[in-house]
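Shown next, in structure tokens, is the structure this report addresses.
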Amino acid sequence: MKPEQRKPFSKEIIHIDDIEQVCNRIVAKLKTDVTKNLQRRGAIVGISGGIDSSVCLALSAKAFGAKNVLGIMLPEQDSSDDSRQLAEQLAATYGVSTLVEDITNALDGFGCYERRDEAILRVIPDFDKKVDKAKIEIKQNIAENIPAIFSITVIKPNGDVVSKLLPAKEYLQIVASTNFKQRSRMSMLYYHAERMHYAVIGTPNKHEVEQGFFVKYGDGGADVMPIGHLYKTQVYQLAKHLGVPQEIIDRTPTTDTYTAEQSQEDFFYQMPFESMDLIWYGWEHKYPAEEVGKVMGKTTKEIENIYKSFERKRKTTEYLRMKPIF
Amino acid sequence: MLLYQMKNTNEVKAEIKKYILEASLSDVKDVDDDALIFENGLLDSMGLLFLIEFLGEAFQVEVSDDELNPKNFESINNIVSFVSNKLSVKV
């Protein structure tokens with residue numbers, strides 16, 4: 001689209017006006033993709049009590065009927081307790097059957113926890129894995145023009161916090177170990193999909209897909225991704241329209257991967273979804289930084305740096321979206 | 001006095017530049033000492049992480065969260081100043 005043809009940048013620019021129509025279109029496409037293109041007769045959805053998987057379950061129930069959808073909860077020892085309760089509430093809302101597959105033993109078998117804790121201990125020697133909570137997070141300001149680097153943060157039972165920049169070796173080991181979680185979940189989802197001749201519905205949204213906030217062959221391993229083109233605020237619009245329980249809509253999106261509580265904003269995105277959606281749109285559609293800055297209450301320089309950060313994220317995570325090369 | 005503490009700024013610069021050229025598979029004629037290394041795609045976030053690892057191994061320089069900013073890392077010259085300052089404090 002030529003610059004003179006596009007709408008002036010505004011905070012409403014990605015708001016979906018006809019939500020019913022968008023919803024129907026996604027449902028129709030999902031139905032065609034699964035039944036015609038993939039030749040499968042239903043849907044498996046991994047449900048975590050988060051907004052994305054909840055919307056995917058609701059869309060699947062609409063597309064295939066509740067009886068042809070199975071929601072699977074895949075907790076492990078670090079999962080938060082309310083995830084399961086919310087996932088059950090969600091499934092009940094749409095009349096979808098559920099299964100619980102605790103993957104803790106599988107992860108233990110892979111050495112997921114041991115390998116992760118061993119790397120944390122090398123950086124923070126007094127880390128006590130029995131009582132301390134740990135997470136990795138990005139502490140830099142996204143508006144500063146430098147690539148994001150992760151820190152490890154350990155929270156002691158008395159509330160004391162120790163945080164250190166993660167060296168390359170330990171960062172890679174922690175990520176590689178925790179990725180067993182998403183990959184084990186994917187294996188289990190495919191077990192059920194194959195035994196039932198169903199398709200696995202992937203739950204990543206547009207940001208997760210494009211910024212590479214997913215694990216290759218983990219949560220990125222799925223047959224179809226019905227919300228992969230939607231901004232997070234649009235996913236919330238869909239959630240409201242589809243009647244997703246309010247507790248799920250109100251919950252702060254978390255990674256539910258590390259022992260310490262961690263929002264997706266702290267972990268990866270470095271800014272609130274409401275702003276990120278709009279600035280990403282501005283970047284993707286080549287709106288001048290000055291125009292976006294005026295609407296978002298930021299300087300042109302800040303927007304330029306955020307644009308650069310998006311560009312870096314998309315480029316450095318290209319590997320995750322690539323198919324095997326042959 | 002340890003060996004790394006005896007290095008002068010030119011030696012520090014030569015080692016850092018050599019590392020960045022090798023890590024980014026670049027040619028010396030293509031990389032200016034004031035070029036913005038992240039903006040020009042010479043290093044990405046993993047590249048920065050490996051650079052920090054290199055600074056620790058080559059100069060025993062540790063980088064903290066608050067030192068991770070463009071002023072210290074956006075160009076070869078900035079990195080050299082950052083490392084040289086750290087080394088002079090150590091000496």
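Below, chain A is the first sequence line, B the second, and so on; all start at residue 1.
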(message) Taking the side chain as everything from C-beta on, heavy atoms only, tell me whether B:Met46 gets closer than 4.5 Å to A:Tyr171.
(response) yes

(request) For A:Phe127, look at atom CZ and say whether over 12 heavy atoms of other residues, nucleotides or ligands are found less than 6.0 Å away. (result) yes

(message) How close do B:Val63 and A:Leu165 get, counting heavy atoms only, and between which atoms?
(response) O-CD2, 3.5 Å

(message) For A:Lys133, is the NZ atom crowded, meaning more than 12 foreign heavy atoms sit under 6.0 Å from it?
(response) no

(request) Could you tell me which portion of A:Leu166 (side chain, backbone, both or neither) has an atom closer than 4.5 angstrom to a non-hydrogen atom of chain B? (result) backbone

(message) As an exercise, state the distance from NZ of A:Lys313 to CG of B:Asp44, rounded to the nearest 0.5 Å.
(response) 13.0 Å

(request) Can you measure from CG (A:Asn305) to CD (B:Glu39) and round to the nearest 0.5 angstrom? (result) 7.5 Å

(request) Quick one: which of B:Ile52, B:Leu36, B:Leu68 has the most heavy-atom pairs under 4.5 Å with chain A, could you say? (result) B:Leu68

(message) Working to the nearest 0.5 angstrom, can you tell me the gap between B:Phe73 CZ and A:Ile149 CD1?
(response) 9.0 Å

(message) Looking at every non-hydrogen atom in both residues, tell me the closest pair between B:Asp65 and A:Ser151 and how far apart they are.
(response) OD1-OG, 2.7 Å

(request) Return yes when atom CD of A:Glu290 has more than 12 non-hydrogen atoms of other residues, nucleotides or ligands closer than 6.0 Å, and no otherwise. (result) no

(message) So that I can tick it off, tell me whether A:Lys169 and B:Glu53 are bridged by a salt bridge, with the cut-off set at under 4.0 angstrom between side-chain N and carboxylate O.
(response) no

(request) Of all the heavy-atom pairs spanning A:Ala148 and B:Ser45, show the shortest one and how long it is. (result) O-CB, 3.3 Å

(message) Please determine whether the number of non-hydrogen atoms from other residues, nucleotides or ligands lying under 6.0 Å from atom NZ of A:Lys156 exceeds 12.
(response) yes

(message) Does A:Lys129 have more than 12 heavy atoms from other residues, nucleotides or ligands lying within 6.0 Å of its NZ?
(response) no

